[in-house]
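Take a look at the structure set out below.
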Amino acid sequence: MKNKIFLILIYCLSYKFASARTETQMRVCEPIKIQMCSRMGYNLTSLPNLIGHDYQTDVDLTLQTFSPLISYGCSAQLSFFLCATYLPMCSEKIGGVIGPCRSLCEAVRARCHPVLTSFGFQWPNSLNCSRFPKDNNHENMCMEGPGEPTLDLPPTNIKPSQSSCKYLFKSHLYVRLSRNNKCTPLCEADILFESNEKQIAWLFIGSWSFAALLISSIALLCLILSDVSWDRSLLPLVCVHCLSSLSWGIRILAGRNNTSCGYDNQFPGISLLLNDGHIATSPCSSTFLLRYYFGMCAASWVAIFCYRWNFLIKQHMAEVLNGQPSGIIKGFRNGRFLQFCAFGLPLIQTVFVLWMKLVDADELLGTCYVGNQSDKALLSLVAIPILIYWTIGTGYLLTGYLTKKSLPNFHLTAYLNSLGSFLLIYNILTVFILLSLFFIFGNRESWLMINLDGLQQQQPTAPLWLYMLHPFLELLLAVLTAAWAIGPRLRAGFCRTEVKQPSYKQPPTVSSYQQNASYQSICVPPNSMISLTTPAKIYKYPNPHYSSSSSRACRSSFRRETIL
């Protein structure tokens with residue numbers, strides 16, 4: 001039985017090699033008869049081609065469909081790429097045919113795909129770049145193409161090493177702009193991420209953006225319609241998170257290319273990924289203003305809420321210890337100054353970014369922000385401001401917690417416990433945002449530039465999850481804030497603001513003992529057992545004009561009750 005299986009395997013392998021050899025021998029080189037491909041540096045081809053055409057007449061009809069795109073001039077290598085794909089080079093010394101390399105396909109696709117998209121067409125599946133060889137070597141031979149013309153001559157004061165984009169890993173997907181001497185990626189360039197990774201990332205972030213915008217809008221309406229004062233304490237934070245989430249809605253409506261891509265006068269007809277404020281489009285500017293300004297406002301408001309939580313703990317402790325409100329309440333009357341800081345400081349940052357023209361687009365998600373292509377802008381205008389706001393807020397949280405622990409028998413109210421837990425979770429999630437920003441700042445240069453270290457064979461790649469972490473946590477914080485704000489409303493009814501107090505009915509009959517009894521108002525500490533140990537009935541003090549010092553001491557931490 002084993003001998004039969006061994007013979008069958010030998011037969012199958014022999015048949016496979018014989019078939020491959022027969023196919024190689026059957027390929028016959030023939031002259032190129034199509035005029036468009038007659039001056040491409042070679043004059044022999046072999047059919048069937050890489051797409052599957054068997055006759056040059058079929059190839060000629062297919063190439064004629066690309067005539068408008070060739071006339072448009074989106075890429076100087078488009079004709080060579082099409083001819084290398086549909087009429088690959090054939091040589092009698094080589095058994096197979098030689099088609100285009102993947103780098104040539106990516107360069108042409110990055111320049112011409114935006115043009116096709118603007119006319120309502122997509123890049124053909126038959127020209128998928130993943131089907132072509134990645135490198136030209138002895139195992140897989142391919143043609144790299146003549147390259148794009150160097151029309152972007154640098155100024156004379158630029159060093160030779162900086163005169164082009166050759167130091168970048170995929171330099172064929174960049175053009176250098178002479179007005180700012182920056183290497184700008186092409187609109188559809190797959191530099192750090194492939195097209196399928198971009199689709200997965202946008203599907204995930206787009207779903208979260210829709211959820212964040214919906215929940216934030218519901219919470220905002222509930223807080224506006226609420227008439228309870230402490231319920232509106234989270235209104236500014238919910239509002240800025242809702243407006244920040246709105247930027248993703250603009251990105252969905254405008255589309256990827258309309259938001260993140262534009263044209264420069266130096267390269268008319270070539271769509272570029274936006275890297276400064278000179279060619280920023282309206283959707284790009286809108287998404288940047290909403291996400292950056294209101295995102296920074298959210299960070300500043302959290303720091304203010306941490307200060308407010310710390311202040312309320314000290315005030316509550318003073319009331320419990322002294323039996324009356326202390327003068328510390330005067331320290332929180334600078335609410336307008338804090339509101340000016342919460343909205344004014346991010347405004348100064350936003351104006352500075354616009355003045356310096358540092359708005360750039362993201363390759364992965366197709367949105368406009370700060371620091372997507374500039375490491376200095378990412379550090380100085382995104383990471384460091386968030387770190388400062390986080391440090392201030394965390395400092396107030398820590399000092400408030402230590403103040404609470406200084407009294408062993410001191411217990412916070414339910415509102416202060418809830419607010420403190422919310423701020424703690426918010427600041428913990430902010431830590432992960434900071435870690436992702438600093439990690440990208442420290443490693444992006446190694447992902448983009450050519451690896452010159454001979455000991456490392458493979459170019460390091462950027463992790464997809466790391467670039468998705470910052471926008472995901474932003475949207476998660478918006479959902480968390482909205483849920484925390486409308487949580488009490490859901491328990492009491494959808495957007496209900498009135499809570500009915502329990503009514504105490506007067507007994508129908510009054511005994512002679514109760515008629516002659518005298519009533520006394522006392523101050524009962526929280527969680528006191530006096531109402532359970534006293535046999536008499538307890539009623540709420542009915543006199544609204546009671547204004548003695550003992551009444552003021554009972555308003556906050558104690559409950560006034562009248563006992564018999």
Side-chain angles (χ1 to χ4, degrees), residues 12-113 116 121-149 170-173 188 190 194-195:
C12 292
L13 292 175
S14 303
Y15 178 78
K16 180 179 179 181
F17 287 120
S19 301
R21 185 177 180 183
T22 304
E23 181 182 357
T24 303
Q25 293 177 351
M26 289 176 59
R27 278 195 174 273
V28 178
C29 297
E30 58 181 83
I32 297 177
K33 302 177 182 179
I34 300 176
Q35 183 178 2
M36 171 184 167
C37 302
S38 59
R39 298 180 181 179
M40 292 298 162
Y42 62 95
N43 53 9
L44 294 178
T45 186
S46 178
L47 297 175
N49 57 14
L50 301 177
I51 308 301
H53 295 111
D54 295 325
Y55 303 100
Q56 292 196 31
T57 54
D58 298 335
V59 174
D60 191 13
L61 294 175
T62 303
L63 292 177
Q64 288 179 8
T65 60
F66 291 94
S67 297
L69 193 61
I70 296 174
S71 302
Y72 189 83
C74 58
S75 173
Q77 301 183 104
L78 178 59
S79 299
F80 182 84
F81 168 67
L82 293 176
C83 292
T85 303
Y86 290 95
L87 294 175
M89 184 175 67
C90 178
S91 176
E92 297 179 354
K93 299 179 181 180
I94 302 175
V97 294
I98 304 175
C101 294
R102 186 179 301 179
S103 59
L104 173 61
C105 176
E106 291 176 347
V108 174
R109 182 183 180 275
R111 287 170 168 81
C112 297
H113 188 200
L116 288 175
F121 299 97
Q122 295 296 326
W123 188 256
N125 294 328
S126 58
L127 300 180
N128 191 354
C129 298
S130 60
R131 63 182 303 173
F132 301 115
K134 186 176 182 180
D135 298 315
N136 182 24
N137 48 41
H138 296 286
E139 297 178 358
N140 298 310
M141 299 185 66
C142 61
M143 293 181 286
E144 298 179 350
E148 297 290 338
K170 295 184 178 181
S171 58
H172 59 280
L173 299 178
E188 292 289 335
D190 296 333
E194 301 294 335
S195 57

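Just so it is clear, the model here is predicted, and its values are computed rather than measured.
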* Reference residue Phe80; test side chain to side chain contact (heavy atoms under 4.5 Å, CB included); the match among Pro100, Ser75, Pro146, Cys37 -> Pro146
* **Exam field: side chain Glu188 to backbone His113, donor-acceptor pair closer than 3.5 Å** => no
* Ignoring hydrogens and angles, tell me if any N or O in the side chain of Asn136 forms a donor-acceptor pair with the backbone of Cys142 under 3.5 Å. => yes
* Roughly how far, to the nearest 0.5 Å, is the CG atom of Leu173 from the CZ atom of Arg111? -> 7.5 Å
* To do: Let me know which of Leu50, Val108, Thr85 forms a side chain to side chain contact (heavy atoms under 4.5 Å, CB included) with Leu127.
  => Thr85
* To do: Apply the test side-chain contact (heavy atoms from CB on, under 4.5 Å) to residues Val97 and Asn49: give CA-CA distance (whole Å), side-chain angles for both, the deciding distance (0.1 Å), then the verdict.
  => CA-CA 8 Å; Val97 294; Asn49 57 14; over 6 Å; no
* Could you list the residues that satisfy side-chain contact (heavy atoms from CB on, under 4.5 Å) with Cys105, not counting sequence neighbours? => Phe81, Cys129, Phe132
* Closest approach of Ile34 to Asp60 (non-hydrogen atoms, all atoms of both residues) -> CD1-N, 3.7 Å
* To do: Go through the steps for Cys112 and Trp123 under the test side-chain contact (heavy atoms from CB on, under 4.5 Å), then give the verdict.
  => CA-CA 9 Å; Cys112 297; Trp123 188 256; 4.2 Å; yes
* Please tell me if the side chains of Glu144 and His172 come closer than 4.5 Å, counting only heavy atoms from C-beta onward. => no
* Step through the shown structure and confirm whether more than 12 heavy atoms of other residues, nucleotides or ligands are within 6.0 Å of CZ on Arg39. => no
* To do: Using a strict 4.0 Å threshold on nitrogen-to-oxygen distance, state whether Arg109 and Asp190 make a salt bridge.
  => yes
* **Nearest-0.5 Å distance that lies between atom CG in Asn43 and atom OG in Ser38** => 9.5 Å
* Closest heavy-atom pair and its distance - Leu47, Gln56 -> CD1-N, 3.5 Å
* To do: Would you please name every residue forming a side-chain contact (heavy atoms from CB on, under 4.5 Å) with Asp58, sequence neighbours left out?
  => His53, Tyr55
* Asked: When you measure from the side chain of Thr45 to the backbone N and O of Met89, does any donor-acceptor pair fall under 3.5 Å?
  -> no
* Asked: If you measure from CG on Leu87 to CG on Leu63, what distance do you get to the nearest 0.5 Å?
  -> 6.5 Å
* Asked: When you look at CG of Asp54, are more than 12 heavy atoms from neighbouring residues, nucleotides or ligands closer to it than 6.0 Å?
  -> yes
* To do: Among Gln77, Met40, Met36, find the one that has a side chain to side chain contact (heavy atoms under 4.5 Å, CB included) with Leu82.
  => Met36
* Nearest non-hydrogen partners of Ser126 and Tyr86, listed with the distance -> OG-OH, 4.0 Å
* Could you tell me the separation between the OG atom of Ser103 and the CE atom of Met143, rounded to the nearest 0.5 Å? => 12.0 Å
* Asked: Is the closest side-chain heavy-atom distance between Leu69 and Cys74 below 4.5 Å?
  -> yes
